[in-house]
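Proteins get letters first, then strands, A, B, ... in listed order; numbering begins at 1 in each.
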There are 2 protein chains.
Amino acid sequence: MTISEVSKQCNISPDTLRYYEKEGLITDINRTAGGVRDYTEQDCKQIEFIKCMRSVGLSIEVLRKYFELFKKGKRTLKARRDLLATEREQLHTRLTELQNTLNRLDYKISVYDKAIKSKTKELKF
Amino acid sequence: MTISEVSKQCNISPDTLRYYEKEGLITDINRTAGGVRDYTEQDCKQIEFIKCMRSVGLSIEVLRKYFELFKKGKRTLKARRDLLATEREQLHTRLTELQNTLNRLDYKISVYDKAIKSKTKELKF
DNA sequence: GCTTGACTTAGAGCTAACTCCAACTGATAC
DNA sequence: GTATCAGTTGGAGTTAGCTCTAAGTCAAGC
């Protein structure tokens, strides 16, 4: 698969794919004789994983560390597990925060709805 | 209240408070004769609100628009309500995404735990 | 009246994560 | 064999959101 095919399939720009490679998030991509990247299905799955993790805010740096550990082989299984567990905890914290803020917004919107109905009130902010 | 008191109370740096003011997120802060900012309780509540919204990713730009509408008075109640509702929807989408990714991470961590126990397996990424 | 310390401003600098650009190369169509 | 087009590289530029710096002001304590 060429970079533009992967780009379409994963909805990530070719520039970003090359950037991820430069940053060590993707490594050992095959090349054709002419030097053109030739992604495997496995590469694609990894890219999807990266996309998923990036979409919830895992940093390039954390992901770089994860794949760096990967390259060191089986002896880093525990380290990788722990790295993921740490990120998981942070995501969980953010999830709770998001839920609370959502509730707060819902309440605020309901206050607005009342104010709009009554046609007299103004809010403080 | 001085800027450093608000800073401590809200856990936001004075620089950030001044930055928010420059960006129009906070307006009409009282000043002492000497030109020093003198925040009211109400200002503090607004700052807490901003902090809460920023913590889940609402942009400075969106918040600026919200407070801009505010300054135009009661006739913008509906517009403000709708702005909040739009942001709420986006937060909801992100919440779902976060939940899915959390599940995915939990699954991956469980796969790691199995691999670590069996002491033979390696994963694909 | 001088020092100290918290404040003020305008504006520069920083970081993460892209995104774009210029110059080049290699394969394909005609 | 030359135009086209998709790819390549290194490096510059962009954006959001702070964060820091320099130079200055003001009030309080001694």
Side-chain angles (χ1 to χ4, degrees), chain A residues 1-40 43-44 47-68 87 90-91 94 97 101, chain B residues 1-40 43-44 47-68 87 90-91 94 97 101:
Chain A
M1 278 177 114
T2 67
I3 202 164
S4 63
E5 284 164 346
V6 176
S7 171
K8 267 164 218 155
Q9 185 171 314
C10 301
N11 200 29
I12 300 178
S13 79
D15 269 327
T16 301
L17 287 170
R18 282 186 283 255
Y19 169 69
Y20 284 171
E21 200 174 328
K22 195 159 63 182
E23 294 297 318
L25 268 57
I26 315 165
T27 45
D28 309 319
I29 300 296
N30 294 335
R31 300 280 183 136
T32 66
V36 172
R37 287 175 183 79
D38 185 20
Y39 295 86
T40 64
D43 293 331
C44 266
I47 289 163
E48 282 289 2
F49 174 73
I50 291 168
K51 193 193 173 186
C52 182
M53 296 304 135
R54 284 289 308 124
S55 78
V56 295
L58 267 72
S59 70
I60 299 285
E61 181 56 16
V62 159
L63 292 170
R64 200 193 52 68
K65 267 182 197 156
Y66 177 75
F67 290 112
E68 195 182 357
E87 296 305 311
Q90 288 184 24
L91 284 194
R94 290 200 16 234
E97 200 175 17
T101 303
Chain B
M1 277 177 116
T2 67
I3 200 164
S4 62
E5 284 165 346
V6 176
S7 171
K8 266 163 218 155
Q9 185 171 315
C10 300
N11 201 28
I12 299 179
S13 81
D15 270 326
T16 301
L17 287 169
R18 282 186 284 253
Y19 169 69
Y20 284 171
E21 200 174 329
K22 195 160 63 181
E23 293 299 317
L25 267 58
I26 315 165
T27 46
D28 308 319
I29 300 296
N30 294 335
R31 299 281 182 137
T32 65
V36 172
R37 287 175 184 78
D38 185 21
Y39 296 86
T40 65
D43 293 332
C44 266
I47 289 163
E48 282 289 1
F49 174 73
I50 291 167
K51 193 194 174 187
C52 183
M53 295 304 136
R54 285 288 308 124
S55 79
V56 296
L58 265 74
S59 70
I60 300 286
E61 181 55 18
V62 159
L63 292 169
R64 199 192 53 67
K65 266 182 197 154
Y66 177 75
F67 291 111
E68 195 182 355
E87 296 305 311
Q90 287 183 25
L91 284 194
R94 288 198 20 232
E97 199 176 17
T101 303

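Minimum heavy-atom separation, A/Cys10 to A/Cys44: SG-O, 4.4 Å.
One interatomic measurement links the two molecules: NZ of B/Lys22 to P of D/dA16, which rounds to 15 Å at whole-angstrom precision. Straight-line distance from the CG atom of A/Asn30 to the P atom of D/dG7: 16 Å, rounded to whole Å. A/Leu17 places its CG atom 11 Å from the P atom of C/dT19, with the value rounded to the nearest Å. In this structure, A/Asn11 atom CG and C/dT19 atom P are separated by 11 Å, rounded to whole Å.
Of the residues listed (B/Met53, B/Arg54, B/Glu48), the one engaging B/Ile50 in a side-chain contact (heavy atoms from CB on, under 4.5 Å) is B/Arg54, and it is the only one.
Among residues two or more places apart in sequence or in another chain, the salt bridge (Lys or Arg N to Asp or Glu O under 4.0 Å) test is passed with B/Arg64 by B/Glu61, B/Glu68. Remark: B/Arg37 pairs with B/Glu21 by the salt bridge (Lys or Arg N to Asp or Glu O under 4.0 Å) rule, at least two apart or across chains.
Across all strands shown, B/Ser4 has heavy atoms under 4.0 Å from sugar-phosphate atoms exclusively, and none from any base. Within the nucleic acid shown, B/Thr2 comes within 4.0 Å of sugar-phosphate atoms alone, with no base atom in reach, counting heavy atoms only. A/Arg54 comes within 4.0 angstrom of the backbone, heavy atoms only, and of no base.
An OP1 or OP2 oxygen of C/dA17 is reached within less than 4.0 angstrom by no side-chain nitrogen or oxygen of A/Thr16. Put simply, B/Arg18 has a side-chain N or O that comes within less than 4.0 Å of OP1 or OP2 on C/dT8. Proximity of A/Tyr20 to the phosphate of C/dC18: a side-chain N or O atom is located under 4.0 Å from OP1 or OP2.
In this structure, the side chains of B/Leu58 and B/Tyr66 stay at 4.5 Å or more apart for every pair of heavy atoms. Using a 4.5 Å heavy-atom cutoff, the side chains of B/Ile47 and B/Tyr20 are not in contact.
Residue A/Arg31 places its side chain closer to D/dT8 than to any other of C/dC21, D/dT8, D/dC20. Of the candidates D/dT19, C/dC20, C/dT8, the closest approach to any side-chain atom of B/Tyr19 belongs to D/dT19.
More than 12 heavy atoms of other residues, nucleotides or ligands lie within 6.0 Å of NZ in B/Lys51, so this atom counts as buried by the packing criterion.
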Please tabulate, one pair per line, each protein N/O and nucleotide N/O from nucleotides 26-30 of chain C that are separated by under 3.5 Å, including the distance.
none

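Between B/Glu61 and A/Val36, the one whose closest nucleotide on DNA chain D sits nearer the 5' end is A/Val36. The 5' end of DNA chain C is approached more closely, in terms of each residue's nearest nucleotide, by B/Arg37 than by the other of A/Ile60 and B/Arg37.
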